[in-house]
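What follows is one structure encoded as structure tokens, with my remarks underneath.
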Amino acid sequence: MKVINDPVAIQKLKQAERLVVLTGAGVSAESGIPTFRGEEGLWKKLSPEELASFEAFYNNTAVVSEWYQHRREIIHNTEPNPGHHALAELQKLAPTFDLITQNVDGLHQRAGSSDVVELHGNIMENYCVNCNLQYSQEEFDDIFRHNPNHIPHCYCGGLIRPNVVWFGEALPEESIEKAYQASKQSDVFLSVGTSAQVSPASNLPRVAKQNNSYLIEINKTVTAISDIVDLHLEGLSGEILPMFLDDYKLLRNDK
Ligand SMILES: [Zn+2]
């Protein structure tokens, strides 16, 4: 075994019918996606708090839209890392598997994960605030390119916004409901690369624990949930998850 040495963890993973994984910004950061916090996150001297709200979008549509195009460009030029790939493979092996993410970059899907529960939306999707018409990134790019003012309008005249959850907005109801249900029913719950500070995502490991799930955390530092987890694996998810996958394969074959 490379990382799963704890006998209880081995037993729990052997028996687990449902594996649930929650991922956060740390997993994307390892692919080179900035967290948009602090100095490096400033865009035209504006903080994410000044850009990622409906009010900002409404009052300053061009600047906010340019910022999202800039972020999409960064994401477009990055690749899923070994952690993303390991999770995609884990999905194929586990009897039941749910992947819940706080990330909006779609890197899990690019690595091959399916049915990803996206708590904060997906930055590559757009929709009209007036008529709800969905726009693919290609369609949006086309509208944006042909619009010198960088104010993207729908055919109906409404503004087109990114499909992400902004400050002050509620999470998509269906996603959060799915996430809670999966967490409750999990036998093993993995919290990966998340500081576990932002509610309601931060509640999910706690909900899992209250329902007798075995809690494993993978993070490069100690977090707000480290004191309640059953196993804390310290390090980069891109390094630990591939080893975790190898261990999981071994112990599932050794029933
Ligand atoms: Zn519209």
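Numbering of ligands and ligand atoms starts at 1, following listing order.
Checked against side chain to side chain contact (heavy atoms under 4.5 Å, CB included), Asp187 has the following partners two or more places apart in sequence or in another chain: Ala16, Glu17, Arg18. Not counting sequence neighbours, His232 has no partner by the ring-ring contact (aromatic ring centres under 6.0 Å, His included) test.
Here the closest non-hydrogen pair linking Val229 and Ser226 is CG2-O, 3.3 Å.
Neighbours of the Zn ion (ligand 1) restricted to protein N, O or S atoms under 2.8 Å: the count is 4.
Checking Asn103, Asn163, Leu171 one by one against His120, the side chain to side chain contact (heavy atoms under 4.5 Å, CB included) holds for a single residue, Leu171.
Here salt bridge (Lys or Arg N to Asp or Glu O under 4.0 Å) pairs that include residues 162-178, with residues two or more places apart or in two chains, are Arg161-Glu169, Glu174-Lys178.
No hydrogens or angles considered: nothing links the side chains of Ser136 and Glu125 as a donor-acceptor pair under 3.5 Å.
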